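None of the values given here were measured: they were computed from a predicted structure. Quick note on labels: first sequence line is chain A, next is B, and so on, each numbered from 1.
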Protein chains: 2
Amino acid sequence: MASERALKRQQLKQQLQDLIQQHAGGRLPPERELSERFAVARETLRRCLRELEEDGLLQRRQGAGTFVSGQPVVKQLQLMSFSEEMRERGLIPSSEVLSIKSLGANAKLASKLKLTPGAPLLELRRLRLADDEPMALETVYLVRDRLPAFDPEELREGSLYELLMQRFGLQIRSAQQQVQATVLTEEEAEALEVPPFSPSLLVERLVMTGGGEIIEFARSLYRADRYRFEVNVMRAPSSAPGEA
Amino acid sequence: MASERALKRQQLKQQLQDLIQQHAGGRLPPERELSERFAVARETLRRCLRELEEDGLLQRRQGAGTFVSGQPVVKQLQLMSFSEEMRERGLIPSSEVLSIKSLGANAKLASKLKLTPGAPLLELRRLRLADDEPMALETVYLVRDRLPAFDPEELREGSLYELLMQRFGLQIRSAQQQVQATVLTEEEAEALEVPPFSPSLLVERLVMTGGGEIIEFARSLYRADRYRFEVNVMRAPSSAPGEA
DNA sequence: CAGTGGTCTAGACCACTGG
DNA sequence: CAGTGGTCTAGACCACTGG
């Protein structure tokens, strides 16, 4: 995947994203016209359109046209950092560190992280923005004893996952996520710049390394008006053995 | 009407599944050979292979070949009916039919269901209970033209999925689900027996048959105090190095 | 190097919509 | 009906692997 070769598709996809911005809420020009305008074969164009449709940016209807979606949705098939997820969606991610502090695990956190109560944790609170507008309020708890020693202030700069993976060589492997609906407190609503008591999608994430060791618990409050969670599921094949 | 047109892809995919059985654990013949054997263009074959790869049945490596996966690795979450899901949680499911009516698709529904506005739909509203306590308020839209004719009153009794699958022989295959946070109206809250303006998890589900035909759109409001959504995700095998 | 999958093309025809 | 997206083709060339 890490090739420097400029696929036509990548450049084309960018051009189409711009076009989508311009045609917000409306219809895109026909495929034959677009393929001519961007000097690519129609099939090449169509691959990009399909990808953008899968990302939720477009809707296509045979015989009718290609329409810009009102609300883009997030694909949640892979464990992605906030930054990766927003970029995938064509938004520019940024962060504002609200606080960094050391504390001992309380009963609830200890149970989630499979630790002894009182075990040392690092708490990182951040406001996560997309295109400079608040998207989520995130609190991350890192298990100090399962990480190399480092200066907490390093968390102010750059990506947390980058720090964990590239600097510490940790293999982030999987996460268990739970999604709930909740209502924001006045303070939370103020930080997210929405009216008090607005609804919010609460995502709790337990992050594990390749060895199955839990290193992080994160609790994120997403703005309900800007974020949805997408899950695609399959029916169990009825021919499969062991089916009830 | 139900599309009788046999896409080459559908037949081809079936043939490939058989081939995969035979080559269990091994490598598939090269694409150029397969496209000749099945008398399709290589691009057509490649579309099928890509779909099978997305289903986890195959793994392709440029320059190396196409391999049969040991086992569908990340076993996706399974598409379950409300009843199946509640039973899995150890709760006893039940339902109360609130209304059944025929109506034409409005613009939003038509777009979701890939229909012409005004196309005939059947709307079924149900209160779903678990252990005799309200759990969700569900509205299902069925596409009449994609289903056999039947008396809507049949929906009062028994499981919807059972009706679709066992009586009509429909193969429910997959669903796209989107999860959002919202706030209940007074009426909704009353039905769910929670205080007005309580938070709620809104799950929208688009259900497809094996042929990729959309037959149902469902919108369910779950009580936030009784229901959470769980998703386990894996990190992409080898993340792109330049990725931040 | 030969062989593999990955990308892209120019064109044909089909299915569906009512822009 | 003209116009749209959907499918499929036959072929070219590229990127990568070591069957």
Looking only at side-chain N and O atoms, does Arg9(A) come under 4.0 Å of OP1 or OP2 in dT7(C)?
yes
What's the closest nucleotide to the side chain of Gln62(A) if the choices are dT17(C), dG5(D), dT9(C)?
dG5(D)
Would you say a side-chain N or O of Lys8(B) is under 4.0 Å from OP1 or OP2 of dT9(D)?
yes
Is there a salt bridge (charged side-chain N to carboxylate O under 4.0 Å, His left out) between Lys114(B) and Glu53(A) once you walk through the steps?
CA-CA 13 Å; Lys114(B) 307 221 159 133; Glu53(A) 188 183 24; 3.6 Å; yes
Between Arg32(B) and Val40(B), just flag the one whose closest nucleotide in DNA chain D comes earlier from the 5' side.
Val40(B)
With a cut-off of under 6.0 Å to the ring centre and 45° to the axis, is Arg228(B) in cation-pi contact with Tyr222(B)?
no
Closest non-hydrogen atoms of Pro152(B) and Ile100(B), given as atom of the first, atom of the second and distance, are O-CD1, 3.6 Å
Just the rounded figure in Å: distance from C1' of dT4(C) to CG of Leu45(B).
13 Å
From Glu138(A), Gln176(A), Gln177(A), residue fulfilling side-chain hydrogen bond (donor to acceptor under 3.5 Å, both in side chains) relative to Arg205(A)
Gln177(A)
Please check if the side chain of Arg128(A) supplies one atom and the backbone of Pro93(A) the other of a donor-acceptor pair under 3.5 Å.
no
Closest to the side chain of Arg42(A), out of dT17(C), dG6(D), dT7(C), is dG6(D)
Under 4.0 Å, counting only non-hydrogen atoms across every strand here, what does Arg60(B) touch: a base, just sugar-phosphate, or nothing?
sugar-phosphate
To the nearest Å, how far apart are Lys13(B) NZ and dT7(D) C1'?
15 Å
Give the dot-bracket line for DNA chain D from 5' end to 3' end: parentheses for intra-strand Watson-Crick or G-U pairs under 3.5 Å, square brackets for crossings, | for inter-strand pairing, dots for unpaired.
||||||||||||||||||.
Please determine if Arg47(A) and Glu43(B) form a salt bridge, counting it only when a charged side-chain N lies under 4.0 Å from a carboxylate O.
yes
Keeping the roles fixed (side chain from Glu84(B), backbone from Ser81(B)), state whether a donor-acceptor pair exists under 3.5 Å.
yes
Among the candidates dC16(C), dC8(D), dG5(C), find the nucleotide nearest to the side-chain atoms of Arg47(B).
dC8(D)
Would you mind reading off the distance between Gln59(A) atom CD and dT17(C) atom P, rounded to a whole angstrom?
15 Å
May I have the distance from Gln10(B) (atom CD) to dC14(C) (atom C1'), rounded to whole angstrom?
15 Å
To the nearest angstrom, how far is Arg46(A) atom CZ from dG11(C) atom P?
17 Å
Within the 4.0 Å heavy-atom criterion, would you say Ala39(A) contacts the bases, only the backbone, or no part of the nucleic acid?
sugar-phosphate
Quick check on DNA chain C: between Gly65(B) and Ala64(A), whose nearest nucleotide comes earlier from the 5' end?
Gly65(B)
Rounding to a whole Å, what distance do you find between Phe38(B):CZ and dC8(D):C1'?
17 Å
Checking dT17(C), dT7(D), dT9(C) against the side chain of Thr44(A) (C-beta onward), the nearest is dT9(C)
Return the 5'-most residue of the pair Glu43(A), Arg61(A) with respect to DNA chain D, ranking by each residue's nearest nucleotide.
Arg61(A)
Closest to the Thr116(B) side chain, choosing from dT9(D), dG18(C), dA15(C)
dG18(C)
Can you tell me the distance, in whole Å, between the NZ atom of Lys114(B) and the P atom of dT4(D)?
19 Å
In whole Å, what is the span from the CZ atom of Phe67(A) to the C1' atom of dG3(D)?
12 Å
Measuring from the side chain of Glu31(B) (C-beta onward, heavy atoms only), which nucleotide among dG5(C), dC16(C), dT9(D) has the closest atom?
dG5(C)
Return yes when atom CG of Asp132(A) has more than 12 non-hydrogen atoms of other residues, nucleotides or ligands closer than 6.0 Å, and no otherwise.
no
